Chemist: 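Before I ask anything, here is the structure I am working with.
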Amino acid sequence: MFIHIGDDNVIQSKDVVAIIDHSLVSSSTIIEEMIFNQRKNRQVVETEDNQAKSIVITEDFIYFSPLSVFTLKKRANMKTTLNKLEDFSEETEG
């Protein structure tokens with residue numbers, strides 16, 4: 001399943017390691033250092049207008065997203081909802 005995380009970025013849900021609130025960056029030296037190191041390696045994808053609300057961390061990249069953690073969580077949980085739906089397409093064939 002794929003998740004649209006804003007700014008035309010789409011990632012696979014299985015690749016997501018963590019989604020954190022952007023406001024936590026300044027309160028954690030570990031997160032700041034991780035982002036700094038990933039920027040040196042050109043593995044950070046910034047938002048188009050630098051209005052990040054959340055940070056999506058995958059094994060390979062860090063994405064700054066203009067969407068909130070709550071919105072991204074709902075999008076990630078959509079897979080569970082879709083899997084619970086039954087497929088009635090074959091029943092309608094006559």
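This structure is a prediction, so every number in the text was calculated from the model and none was measured.
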Chemist: Evaluate side chain to side chain contact (heavy atoms under 4.5 Å, CB included) for I35 paired with I55, printing each intermediate quantity in order.
Modeler: CA-CA 10 Å; I35 292 170; I55 299 170; 3.9 Å; yes
Chemist: Could you grab the distance from atom NZ of K73 to atom OG of S68, nearest 0.5 Å is fine?
Modeler: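 Spacing of NZ (K73) from OG (S68) equals 11.5 Å.
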Chemist: Distance check, rounded to the nearest 0.5 Å: I20 atom CD1 versus I57 atom CD1?
Modeler: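 One gets 4.5 Å once the value is rounded to the nearest 0.5 Å.
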Chemist: Looking at Q12, I'd like to know if its CD atom is crowded, meaning that more than 12 non-hydrogen atoms belonging to other residues, nucleotides or ligands lie closer than 6.0 Å.
Modeler: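 Yes, CD of Q12 has more than 12 neighbouring heavy atoms, counting only those of other groups under 6.0 Å.
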Chemist: Specify the closest pair of heavy atoms between G6 and L67, including all atoms of both residues, with the distance to one decimal.
Modeler: N-CD1, 3.8 Å
Chemist: Considering all heavy atoms of both residues, which atom of F64 and which atom of T47 are nearest to each other, and what is their separation?
Modeler: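 Scanning both residues, the minimum pair turns out to be O-CG2, 2.9 Å.
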Chemist: How would you list, by chain and number, every residue that makes a salt bridge (Lys or Arg N to Asp or Glu O under 4.0 Å) with E46, sequence neighbours excluded?
Modeler: R39
Chemist: Minimum heavy-atom separation for L24 and I31, please, with both atom names.
Modeler: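 Where L24 meets I31 most closely, the heavy atoms are O-CD1, 4.3 Å.
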Chemist: Who are the side-chain hydrogen bond (donor to acceptor under 3.5 Å, both in side chains) partners of E32, not counting sequence neighbours?
Modeler: none
Chemist: Within this structure, what is the CD-OH distance for the pair Q43 and Y63, rounded to the nearest 0.5 Å?
Modeler: 10.0 Å
Chemist: Output yes when a side-chain donor or acceptor of T58 lies under 3.5 Å from a complementary backbone atom of D15, and no otherwise.
Modeler: no
Chemist: Would you compute the distance between atom CZ of R75 and atom CZ of F70 and round it to the nearest 0.5 angstrom?
Modeler: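 Answer for the CZ-CZ pair, R75 versus F70, is 12.0 Å.
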Chemist: For N41, I'd like to know if atom CG has over 12 heavy atoms of other residues, nucleotides or ligands within 6.0 Å.
Modeler: yes
Chemist: Taking I3's backbone N and O only, do any of them form a donor-acceptor pair with S13's side chain (distance below 3.5 Å, no angle check)?
Modeler: no
Chemist: If the condition is side-chain hydrogen bond (donor to acceptor under 3.5 Å, both in side chains), which residues does S23 pass it with, not counting sequence neighbours?
Modeler: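 So S23 forms a side-chain hydrogen bond (donor to acceptor under 3.5 Å, both in side chains) with D21.
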